[in-house]
Amino acid sequence: MKNIVILISGGGSNMAAIVNTAQREHWSDKYGARVAAVISNKADTKGLVFAREHGIATEVLDHKAFASREDFDAALAEVIDRFDTPGHPVLVVLAGFMRILTPGFVAHYAGRLTNIHPSLLPAFTGLHTHQRALDAGCKFAGATVHLVTAELDHGPILDQAVVPVLPGDTADTLAARILTQEHLIYPRAVAQLLQK
Ligand code: GAR
């Protein structure tokens with residue numbers, strides 16, 4: 001069985017979309033894959049509650065408890081690699097995981113580390129993507145699923161979704177419109193990776 005480990009920092013709605021899709025589409029039968037664990041760098045997130053309710057192993061690794069970014073990433077990798085199975089290295093899915101990862105961590109998971117970013121990359125890397133799209137007068141916005149490389153919010157694009165920017169939009173209304181699309185493209189992109 002190939003294990004998927006999902007990393008979150010908050011609400012975990014993308015993680016929930018992947019878990020629900022995996023169940024609905026019978027990923028364990030179709031692809032021999034399952035969501036094995038959800039790891040959060042914050043305790044008491046909604047996402048952890050959802051994961052536990054769905055019988056998924058959870059771990060909390062508080063980055064503030066580590067002296068350096070390198071120490072945190074090493075501890076994170078140690079937890080993730082427990083989910084490797086013979087012949088099947090774990091697939092690591094960042095879903096609203098708000099941490100910058102070290103180059104060593106990224107290299108360790110090269111080709112099997114994905115992220116979703118709420119903009120049409122390569123536009124608007126980094127934070128506050130929705131407000132920046134509004135400020136720039138964009139008529140369209142969206143989200144991107146990509147493989148993670150050492151450069152923040154870069155890396156080969158796996159899927160994208162586009163939504164219109166509507167008159168009167170605020171960062172919140174635009175974010176909500178994009179998030180519903182994220183819930184479609186992220187499970188789809190992960191399923192495609194599992195078929196490779
Ligand atoms: C999502 O919109 C995701 O694209 C974004 O955080 C939100 C997490 O929501 N990720 C980033 O900004 C990463 N740079 P969720 O916890 O409900 O899935």
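Ligands are counted one by one from 1 in listed order, and the atoms in each one are counted from 1 as well. Residues: numbered from 1 along the sequence shown.
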Starting from atom 6 (O) of ligand 1, locate the nearest protein heavy atom and write down its residue, its atom name and how far away it is, to 0.1 Å.
-> G96 CA, 3.9 Å

Measure from atom 10 (N) of ligand 1 to every heavy atom in T144, V145, T125, I116 and give the option owning the shortest one.
-> I116

Verify the distance criterion only: is there a donor paired with an acceptor across the side chains of H117 and T129 at less than 3.5 Å?
-> no

Do the ring planes of F97 and F72 sit parallel (below 30°), tilted (30 to 60°) or perpendicular (above 60°)?
-> parallel

Look only at interatomic distance and state if M15 has a nitrogen or oxygen under 3.5 Å from any nitrogen or oxygen of ligand 1.
-> no

Joint cluster assignment, I56 & Y31, ILVMFWY side-chain distance < 4.5 Å = yes

For H108 and D73, test the side chains for any donor-to-acceptor distance below 3.5 angstrom and give the result as yes or no.
-> no

Which of parallel (below 30°), tilted (30 to 60°) and perpendicular (above 60°) describes Y109 and F105?
-> tilted

N/O of S13 under 3.5 Å from N/O of ligand 1, yes or no?
-> yes

How far is atom 14 (N) of ligand 1 from its nearest protein heavy atom, and which residue and atom is that?
-> H117 ND1, 3.5 Å

Return yes if a side-chain donor-acceptor contact under 3.5 Å exists between T58 and R52, otherwise no.
-> yes

Which atoms from ligand 1 have a heavy atom of P118 less than 4.0 Å away?
-> 4 (O), 5 (C), 10 (N), 11 (C), 12 (O)

List every atom of ligand 1 that sits less than 4.0 Å from any heavy atom of E182, numbering the atoms from 1 in the order shown and giving each element.
-> 1 (C), 2 (O), 3 (C), 4 (O)

So which heavy atom in the protein is nearest atom 9 (O) of ligand 1, and how far is it from that ligand atom?
-> N14 ND2, 4.1 Å

Flag D153 as yes when one of its N or O atoms lies below 3.5 Å from any N or O atom of ligand 1, and as no otherwise.
-> no

Given side chains that start at C-beta, do those of T21 and R24 come closer than 4.5 Å, heavy atoms only?
-> yes

Select the closest option to atom 16 (O) of ligand 1 among G10, G126, G12, judged by heavy-atom distance.
-> G12

Any idea which heavy atoms bring N3 and V90 closest together, and the distance?
-> O-CG2, 3.2 Å

If you measure from each non-hydrogen atom of I8 to ligand 1, which part falls under 4.0 Å: side chain, backbone, both or neither?
-> neither

